[in-house]
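In what follows, a single structure is set out as structure tokens and then discussed.
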There are 2 protein chains.
Amino acid sequence: MMANVDGVIQQAENYCKAKGARLTTKRKQVLRGLIESNKALSAYELIDFCHQHFGEKMPPMSVYRILEFLEHHHLVHKLNLANKYVACTHISCDHTHAIPQFLICINCSKVKEVSINQATISDLSETAKNAGYDLYTPQVELNCLCQSCLPA
Amino acid sequence: MMANVDGVIQQAENYCKAKGARLTTKRKQVLRGLIESNKALSAYELIDFCHQHFGEKMPPMSVYRILEFLEHHHLVHKLNLANKYVACTHISCDHTHAIPQFLICINCSKVKEVSINQATISDLSETAKNAGYDLYTPQVELNCLCQSCLPA
DNA sequence: TTAAATATGATACAACGTATCATATTGTGT
DNA sequence: ACACAATATGATACGTTGTATCATATTTAA
């Protein structure tokens, strides 16, 4: 598990290097925080996480900037529905992916990043177009309950 | 136009009366604010709107409570993606509607409430289920650009 | 008409996000 | 190796968003 996390970080590092981007210590910590916690975290939750796990006190400004960097390089996704951030699940495989659909557990913030099939996307896009709107991003976020949080 | 707004308010009033709910003056103002402005507004934008149009100074707490009431009675919808509120477009017709899909212009906050076809919903729901998640609400919100805001 | 229920106001504060300027770190050319 | 430029982070202060709590007003109903 831990080894796997390291592996993902390593992949991210390679990926950044190839792009001439710097995955600095702080940035690595924030990314690691999201990967290790294994769920979506808000910026302030990340600040707490980093403080507790790495003994770093990060000012909000820094975390927001770092998240912006990570998002720009597609290492994390911002979930607008929950106002939280989640590590991209495709860092290790090949880091190219179809349009993601995010299933967000409204109870525990666990997130599953799945791929929508093209037909469904076209459907949504069509419906929008007919109404005179253009999809700005086809990213779909849905409020869900995960298995562990489903009422018994 | 103005008459139409009044008509919608009237409908809402009837609707509430039938349910034994009170559409008070303040609540009517907030609802009217959303209808007249013809787009999604944040709670604080609504405070400003009411202040400017009705000369009412509403404390945030009141507005949030009122929005909660209006939402509970399906007179307004909360758009989690934008953190704004929008008047339900079905108050006047019959106020029963299928599962809504909201097309939100990220530039001007104009919102179109359309109905998704059942097949698409089933699709999304299936995809979620296969991933071990249950849709909490099938309400879909999509970031779009409306016609007027599309880059030329 | 008075008591209970409901609705709103007011104060204070917690959480979230950013503008701005200062400092530190890294990369580059000489 | 050095100095300069570019990039990254820190620190302070503040603006925005949302809520907890207790007080007051308004409506409903016995």
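- For the segment residues 41-49 of chain B, no residue has any heavy atom less than 4.0 angstrom from an atom of DNA chain C.
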Please tabulate, for side-chain N and O atoms in residues 135-143 of chain A, each donor-acceptor pair with protein atoms closer than 3.5 Å (sequence neighbours left out).
from: A:T137; atom 1: OG1; to: A:Q139; atom 2: N; distance (Å): 3.0
from: A:Q139; atom 1: NE2; to: A:E141; atom 2: OE2; distance (Å): 3.0
from: A:E141; atom 1: OE1; to: A:N80; atom 2: N; distance (Å): 3.0
from: A:E141; atom 1: OE1; to: A:L81; atom 2: N; distance (Å): 2.7
from: A:E141; atom 1: OE2; to: A:N80; atom 2: N; distance (Å): 3.2

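- Taking A:K129 as the reference, A:D134 meet the salt bridge (Lys or Arg N to Asp or Glu O under 4.0 Å) condition, with sequence neighbours excluded.
- Contact annotation: the side chain of A:L31 approaches that of A:I91 to within less than 4.5 Å [non-hydrogen atoms, C-beta and beyond].
- Looking at residues two or more places apart in sequence or on another chain, you find no salt bridge (Lys or Arg N to Asp or Glu O under 4.0 Å) involving B:D48.
- A:E126 is linked by a salt bridge (Lys or Arg N to Asp or Glu O under 4.0 Å) to nothing, counting only residues two or more places apart in sequence or in another chain.
- Rounded to a whole Å, the NZ atom of B:K17 is 14 Å from the C1' atom of D:dT27.
- At the phosphate of D:dT17, neither OP1 nor OP2 sits under 4.0 Å from any side-chain N or O atom of A:N83.
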Short heteroatom pairs, N/O only, protein and nucleotides 7-10 of chain D, under 3.5 Å:
from: D:dA8; atom 1: OP1; to: A:R27; atom 2: NH1; distance (Å): 3.0
from: D:dA8; atom 1: O5'; to: A:R27; atom 2: NH2; distance (Å): 3.4
from: D:dT9; atom 1: OP1; to: A:T24; atom 2: OG1; distance (Å): 2.5
from: D:dT9; atom 1: OP2; to: A:R27; atom 2: NE; distance (Å): 3.4
from: D:dG10; atom 1: OP1; to: A:K26; atom 2: NZ; distance (Å): 3.1
from: D:dG10; atom 1: OP2; to: A:S62; atom 2: OG; distance (Å): 3.0
from: D:dG10; atom 1: N7; to: A:R65; atom 2: NH2; distance (Å): 2.9
from: D:dG10; atom 1: O6; to: A:R65; atom 2: NH1; distance (Å): 3.4

Exercise answer: donor-acceptor pairs, residues 98-110 of chain A side-chain atoms, under 3.5 Å, sequence neighbours excluded:
from: A:K110; atom 1: NZ; to: A:S148; atom 2: OG; distance (Å): 3.2

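- With sequence neighbours excluded, no residue forms a salt bridge (Lys or Arg N to Asp or Glu O under 4.0 Å) with A:K39.
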Name the atoms and distances for all side-chain donor-acceptor pairs under 3.5 Å in residues 54-72 of chain B, with sequence neighbours left out.
from: B:E56; atom 1: OE1; to: B:K26; atom 2: NZ; distance (Å): 2.2
from: B:E56; atom 1: OE2; to: B:Q29; atom 2: NE2; distance (Å): 3.4

